[in-house]
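These notes concern the structure reproduced below.
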Amino acid sequence: MKRHITNTPFSNPIFKRIIFFSPHFFSTSANSAAASSAAASDIEEDIGAFTGSTFGGIIQDKDLLRKTPNGGLYVLDLIDKGAMDPNATLYNQLLKRCTQMGRLKEGRLVHAHFLNSIYCKYIAVQNTIINMYAKCGSPEEARKVFDEMPERDMVSWTAVITGFSQNDRAQEALGLFLEMSRNGFVPNEFTLGSVLKAAAAVGEIEGRQIHGICLKNGHCDDVYVGSALVDMYSRCGRMEEAKVVFDGLDSKNEVCWNALIAGHARKSEAENAVRLFSEMKKADFEATHFTYSSVFAACASVGALEQGKWIHGHLVKSGLKLIAFVGNTLLDMYGKAGSIEDARRVFDRLVKRDVVSWNSMLTACAQHGLGGETVERFEEMRGRGIQPNEVTFLCVLTACSHSGLLDKGLYYFELMKKLKLEPDISHYVTVVDLLGRAGQLARAEEFIKEMQIKPTAAIWKALLGACRMHKNMDLGAYAAERVFELDPYDSGPHILLSNIYASAGRWRDAAKVRKMMNDSGVRKEPACSWLEIENNVHMFVANDDGHPQRNEIRRMWENVADKIRELGYVPDTSHVLWFVDQQEREVRLQYHSEKLALAFALLNTPHGSTIRIKKNIRVCGDCHTAFKFVSRLVGREIILRDTNRFHHFRGGSCSCGDYW
DNA sequence: ACACTCAGAC
């Protein structure tokens, strides 16, 4: 079960009550020199500007890949015509250029030509060919060349291992590494860098083993090996060990820093990622696209808008171009942190957009309940000839589901199949959600029965959620049973089912589900809400009485509650705490965490400013209603981030149109 | 004159 927005676990130090991002992070001045690291997607552009030396006084660098009218290569043609003599260096240069430009076809031409030349025994060129195939995304061909070599050296092994390592074929890379050792080759720092990358993808045990080999061979001081080690421990979630390796490195570069920062980002430790960003700059290292991308991702995962903006400021000052590599993450960060306007702005300013840029923009729209805009942008994307992928359709389907665009959603599901994209289980879940939310419960059930894939827990959860929404007790109970079989430890379905019973007045059944849940040791994730004020994060749990301002918060809410009642607010107590009487229920309800957060925001933020609150579970119906009234009462916009979407409350209504 | 480490959308 994946969520659109990562919930932040309680164990995260970022959620200590008040202190966060201490002020000194914000006094670091940005370094204005431009960093030069080019992102993979932009290499092509950079090469285009390159003009260089000549070969034998005849061929200029820019003519290396020049084509002949019949599709051959100009340089090879010259050789065939006897207009120039080849040599090993020329073959290497040609291959290298093919590699840089990712030109597999031309690479094959050079390869074939090389085989017919008198240089065909040169190991160095053969190694370059292996590298060319590997870098052009064809590890199979690299392997074939390698296998057919009568004689191999260290570089041959390293090149082919790297080929698999970089093409997400970690197991094969590790296998070759073993074979290499059996053949009596001792790995050097080049080999170990690649093998560590592969090991990191396979698992911690493998990673530690390779670490041992690095120590034995004395390569741990190499920056490449060191960075790979830091990265390996980061990916295994072992941040303490990553830090130990990092601290032990005599010579560091940006990559080491980035590997460490990325590790914290993957663990949603925004505070650590931001802190390291500052330390990196203080240590006089230039933040690169990798750095920014990681830090934005970290901010996105906890919705840290202010920190994200601050980092964005550094990016602007750095002079780095807003390329897709970093822009996509920035866009995503703004979307997830609640500022759809900034997300749009970033999208508009992207130098070049790839599929991920479009998908991120669609996701942002979908998360903010802008179904119409999502569909429009999707159509624009197609109009511009950008090929949508599976993720694109997931975004669009989700948007349709969240906005009640039933027919459009079903149409796009069919379109997806027509475009020969294979829907996976997540698409089926979304369609069940789409039908279910729209009240077509019978159709949703039918759809599940006819699915070609075996239904998973997520499928039944979607149906269960729809049953809760449309108060269908029988089907809901059935769906819940299926979930209990497949995913017995998730608290969500238990609570949904008990709420279904409760809202039908069947308190006894509701209590039975709760009891069953307790008996089987299923624990409910405690609900909490939080908000940022001036770089501090304030967190609240329901009925919280441990906050320093608890009395003021309580008074504020009581005051507000009275006023919104005058505007017509009627507390809805139907789905909570059925075992207490009506009056008590209402009292408890008042202290849902989002209401405490809202009262706190009203006390501590300037009049008229937008209030941004985040919550780790779905907002309840009563709070949703209350928030609408409050937005009208105080004349302010309130943005509430739910588990997987945003609610924009303004002037008494919500952007979700009460459909969520 | 050949080979290595760091990012992202669901």
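No hydrogens, no waters, no symmetry mates; every other heavy atom, side chains included, goes into these values. So you know, we letter chains A, B, ... as the sequences are listed, proteins then strands, and number each from 1.
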Look at [X] and [N] and indicate whether a side-chain polar atom (N or O) is within less than 4.0 Å of OP1 or OP2.
X       : N       : value
N131(A) : dC2(B)  : no
K336(A) : dC10(B) : yes
K197(A) : dC6(B)  : yes
R266(A) : dA7(B)  : yes

Measure distances between side-chain N and O atoms of [X] and base N and O atoms of [N], and say whether any donor-acceptor pair falls under 3.5 Å.
X       : N      : result
N359(A) : dG8(B) : no
N389(A) : dA9(B) : yes
N188(A) : dA3(B) : yes

Rounded to the nearest angstrom, tell me the gap between atom [atom1] in [X] and atom [atom2] in [N].
X       : N       : atom1 : atom2 : answer
F185(A) : dA3(B)  : CZ    : C1'   : 13 Å
D231(A) : dT5(B)  : CG    : P     : 10 Å
N87(A)  : dC2(B)  : CG    : P     : 13 Å
L397(A) : dA9(B)  : CG    : P     : 19 Å
L362(A) : dC10(B) : CG    : P     : 11 Å
L229(A) : dC4(B)  : CG    : P     : 17 Å

Worksheet item: Do D342(A) and R345(A) meet the salt-bridge criterion of a basic N to acidic O distance under 4.0 Å?
Response: yes
Residue list, ring pair (Phe, Tyr, Trp, His ring centres under 6.0 Å) with [X], at least two apart or on another chain:
X       : answer
F164(A) : none
H368(A) : F646(A), H648(A)
H219(A) : none
H427(A) : none

Which residues share a salt bridge (charged side-chain N to carboxylate O under 4.0 Å, His left out) with [X], sequence neighbours left out:
X       : result
R353(A) : none
R377(A) : E373(A)
D348(A) : none
E189(A) : none

DNA chain B-proximal residues of [range], any heavy atom under 4.0 Å:
range                       : answer
residues 338-350 of chain A : none
residues 232-252 of chain A : R235(A)
residues 161-169 of chain A : T162(A), Q166(A)

With the side chain of [X] defined as its heavy atoms from C-beta on, choose the nearest nucleotide among [options].
X       : options                : value
N253(A) : dT5(B), dC6(B), dA7(B) : dT5(B)
D354(A) : dG8(B), dC2(B), dA3(B) : dG8(B)
V391(A) : dA9(B), dA3(B), dT5(B) : dA9(B)

Item to complete: I would like to know whether F347(A) and W358(A) meet ring-ring contact (aromatic ring centres under 6.0 Å, His included); could you show each step before the answer?
Response: CA-CA 8 Å; F347(A) 183 77; W358(A) 285 91; 5.0 Å; yes
Taking any heavy-atom pair under 4.0 Å as a contact, classify [X]: base, sugar-phosphate, or nothing.
X       : value
S360(A) : sugar-phosphate
V223(A) : base
D332(A) : sugar-phosphate

Fill in: With sequence neighbours excluded, residues passing side chain to side chain contact (heavy atoms under 4.5 Å, CB included) with Q171(A)
V202(A)
Discussion item. Distance to the ring centre below 6.0 angstrom and angle to the axis at most 45 degrees; does that hold for K252(A) and F246(A)?
Written reply: yes
Fill in: Donor-acceptor pair, side chain of D222(A) and main chain of V225(A), under 3.5 angstrom
yes
